[in-house]
Novice: 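Here it is, the structure in full.
We name chains A, B, ... by the order of the sequence lines, and we start the count at 1 in each one.
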2 protein chains.
Amino acid sequence: MIIILAMLKLTSHRETILKFINASNAHWDAEELARALSDSGKTIGIATVYRGLAALDEAGLIASVQLGDRKRYECADKKHHDHLVCTECGAIEEFVQAKIEQLQEQVAKENGFEITGHQLLIFGLCRGCRNA
Amino acid sequence: MIIILAMLKLTSHRETILKFINASNAHWDAEELARALSDSGKTIGIATVYRGLAALDEAGLIASVQLGDRKRYECADKKHHDHLVCTECGAIEEFVQAKIEQLQEQVAKENGFEITGHQLLIFGLCRGCRNA
DNA sequence: ATGATAATGATAATGATTATCATTCTTGCC
DNA sequence: GGCAAGAATGATAATCATTATCATTATCAT
């Protein structure tokens with residue numbers, strides 16, 4: 001981790017983005033984040049938001065998940081988890097299932113893969129939308 | 001499935017796309033498919049390829065997987081499976097792990113979700129790229 | 001303070017995808 | 001087979017998230 005930090009310039013803009021994300025439990029896409037920052041008096045250019053997110057993600061300081069054709073970013077301080085996505089309202093919930101993680105390692109091994117990461121999305125209707 | 005078929009017009013273009021995909025084990029994005037069709041003497045307009053893929057996918061006649069910001073399409077005749085993706089060469093391999101499927105159902109239930117689908121991608125280096 | 005390098009912001013450019021529209025095709029009915 | 005309604009097609013314009021460009025500014029080590 002020290003090595004990664006040494007490779008990233010933590011400019012004030014990037015620090016603003018990092019703090020904002022770390023202070024929240026949500027999954028942000030670039031545009032949403034830019035708007036939220038602006039609403040809280042911290043306007044950062046949209047290009048810079050994209051670049052900042054990419055740099056922080058690359059450095060491992062935030063985490064990302066690809067949902068559809070867009071990436072969403074979240075706090076990296078959490079224990080690894082995966083996502084339940086409501087196809088109706090877009091709600092994103094998190095879950096941890098150690099056994100699944102384990103089985104993934106096994107699958108990779110069986111297929112001669114050296115895992116660098118994974119992404120598990122479970123799509124469906126959340127509690128709220130089921131009753132609608 | 002009968003219901004789904006009744007909702008899709010199986011035009012000659014869509015049939016061409018369906019047959020092409022079913023005759024292959026690969027994961028196609030729209031542009032690749034359009035080019036391959038054209039190379040085999042069956043030119044279909046790019047807009048029509050996109051629309052055809054979307055319609056066939058919606059009808060359940062082909063399957064899709066979101067990789068990065070693009071969707072890829074494959075034969076739907078297979079037993080459900082998930083994917084190992086090599087981050088180096090882009091190779092896509094398939095795997096089936098019944099226990100993971102089961103645990104996903106459990107996770108969903110525990111979170112009050114009614115599953116409609118899921119997507120599991122394991123990223124890493126394939127056998128070939130590990131030894132490079 | 002200086003210099004080298006990287007970041008910023010506004011905006012043009014990019015590229016996958018979708019909308020538009022005139023034309024063609026499909027399907028059910030007679 | 002003909003007809004009508006509705007959907008599909010293809011070329012291309014439009015869309016939109018994202019990235020490139022470029023002049024300017026900021027960062028960081030010396």
Novice: Using a cut-off of 4.0 Å on non-hydrogen atoms, how would the nucleic acid contact of B:R51 be classed: base, sugar-phosphate, or nothing?
Specialist: base
Novice: Just wondering, do B:F95 and A:E110 contact through their side chains at under 4.5 Å, heavy atoms?
Specialist: no
Novice: At under 4.0 Å, does any side-chain N or O of B:Y50 touch on OP1 or OP2 of C:dT17?
Specialist: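 For C:dT17, OP1/OP2 do have a side-chain N/O of B:Y50 under 4.0 Å.
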Novice: Once you round it to whole Å, what is the distance between P of C:dA6 and CD of A:E58?
Specialist: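 Rounded to the whole Å, the gap is 15 Å.
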Novice: Looking at C:dT8, D:dT12, D:dC28, which one has an atom nearest to any side-chain atom of A:K9?
Specialist: D:dC28
Novice: Would you kindly give the CG-to-C1' distance between A:L33 and D:dA17, to the nearest whole Å?
Specialist: 15 Å
Novice: Contact class for A:T48 vs. all strands (heavy atom < 4.0 Å): base, sugar-phosphate, or nothing?
Specialist: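 Result for A:T48 = base.
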Novice: Whole angstrom is fine here: how far is it from CZ in B:R35 over to P in C:dA16?
Specialist: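 So the CZ-P distance, B:R35 to C:dA16, works out to 10 Å.
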Novice: Between A:L67 and A:H83, does the side-chain contact (heavy atoms from CB on, under 4.5 Å) criterion hold? Intermediate values first, please.
Specialist: CA-CA 10 Å; A:L67 289 180; A:H83 301 91; 5.7 Å; no
Novice: Apply the test side-chain contact (heavy atoms from CB on, under 4.5 Å) to residues B:I122 and B:D82: give CA-CA distance (whole Å), side-chain angles for both, the deciding distance (0.1 Å), then the verdict.
Specialist: CA-CA 8 Å; B:I122 299 183; B:D82 283 299; over 6 Å; no
Novice: Do B:K99 and B:Q102 come close enough that some side-chain heavy atom pair is under 4.5 Å?
Specialist: yes
Novice: Under the criterion side chain to side chain contact (heavy atoms under 4.5 Å, CB included), which of A:R72, A:K71, A:E94, A:R70 is the partner of A:V65?
Specialist: A:R72
Novice: Out of C:dG9, C:dT11, D:dT9, which has the shortest distance to the side chain of A:H13?
Specialist: C:dG9
Novice: Expressed as a whole number of angstroms, how long is the span from B:L53:CG to C:dT18:C1'?
Specialist: 14 Å
Novice: Can you find a heavy atom in the side chain of B:Q104 that is under 4.5 Å from one in the side chain of A:L120?
Specialist: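 Yes. Closest side-chain heavy atoms under 4.5 Å.
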Novice: Figure out the NZ/P separation between B:K71 and C:dT17, and round it to whole Å.
Specialist: 10 Å
Novice: In whole angstrom, what separates A:I44's CD1 from D:dA26's C1'?
Specialist: 14 Å
Novice: For B:L10 and B:E31, find the nucleotide of DNA chain C closest to each by heavy atoms; which residue's nucleotide sits nearer the 5' end?
Specialist: B:E31
Novice: On a plain distance test, is the side chain of B:R70 in donor-acceptor contact with the base of C:dG15 below 3.5 Å?
Specialist: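 No pair found.
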Novice: Nearest whole angstrom, please: distance from the C1' of D:dT9 to the CD1 of B:I17.
Specialist: 11 Å
Novice: Do the side chains of A:K19 and A:E15 get nearer than 4.5 Å, heavy atoms only?
Specialist: yes
Novice: A:A47 has a side chain; which of D:dA8, C:dG9, D:dG10 sits nearest to it?
Specialist: C:dG9
Novice: Could you state the atom-to-atom distance from CG of A:D69 to P of C:dT17 in whole Å?
Specialist: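 One finds 8 Å between P of C:dT17 and CG of A:D69, rounded.
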Novice: For the helix from C:dA1-D:dT30 to C:dC30-D:dG1, figure out the bend between the end axes, five pairs an end, and round to 10 degrees.
Specialist: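 Answer for the end axes of this duplex: 40°.
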Novice: Between B:H118 and B:H80, is a side-chain contact (heavy atoms from CB on, under 4.5 Å) present by the stated rule, with each step listed?
Specialist: CA-CA 10 Å; B:H118 74 268; B:H80 171 74; 3.0 Å; yes
Novice: Measuring from the side chain of B:S12 (C-beta onward, heavy atoms only), which nucleotide among C:dG9, D:dA11, C:dT26 has the closest atom?
Specialist: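 Of the options given, the side chain of B:S12 lies nearest C:dT26.
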Novice: Do any side-chain nitrogens or oxygens of A:T11 fall under 4.0 Å of OP1 or OP2 in C:dA6?
Specialist: no
